[in-house]
Amino acid sequence: MTNKIVCPRCKSDKGFYTRERITGTAQKYYNSSGDLEEEQGAMYDGLSHHGGTKAYCKQCYKPMGKTKDLASGNHEEETRWGVTE
Ligand SMILES: [Zn+2]
C-alpha cells in the first residue's frame, strides 16, 4: 500500500469519504445520579449501515470510485503504530 489514492479530478491526496445511511436505535446509559455514563460501548450495536459503496473526494466532493476498490480495510491507528521499528 505505498501508492497514495489521488482524486482523478483535483489530484487531491487528502483522502475520501463515503455516504452511509444509518438506521436503528441508539441507547444512552445513565447512572443512578442521572449522569451520562462513560461507558457507552453498546450504544451502536442496534444500528445498521446502508450504502457507502461510493467514495467521494474530500476536497472537491466528486465521486472517486467504488469504496471496495479504494478502502484498505485498515484503521489509520493500526497502520501508524504497527510499522514502528
Ligand atoms: Zn477531488
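Computed from a predicted structure; not experimentally measured. All ligand and atom numbering here is 1-based and tracks the order in the structure.
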Problem set entry | Interatomic spacing from CD1 in Ile5 to CG in Leu70 - rounded to 0.5 Å | 5.0 Å
Seminar exercise, completed: At a cut-off of 2.8 Å, protein N/O/S around the Zn ion (ligand 1) gives Cys7 SG, Cys10 SG, Cys57 SG, Cys60 SG
Problem set entry | Side chain proximity check, Lys28 to Leu36, heavy atoms < 4.5 angstrom | yes
Problem set entry | Sub-4.5 Å side-chain heavy-atom contact between Ser12 and Cys60 | no
Problem set entry | Modelled atom types, side-chain donor and acceptor of Thr23 and Ser48, under 3.5 Å | yes
Problem set entry | Any Tyr56 side-chain heavy atom under 4.5 Å of Met64 side chain | no
Problem set entry | Tyr61, OH atom: more than 12 neighbouring heavy atoms under 6.0 Å | no
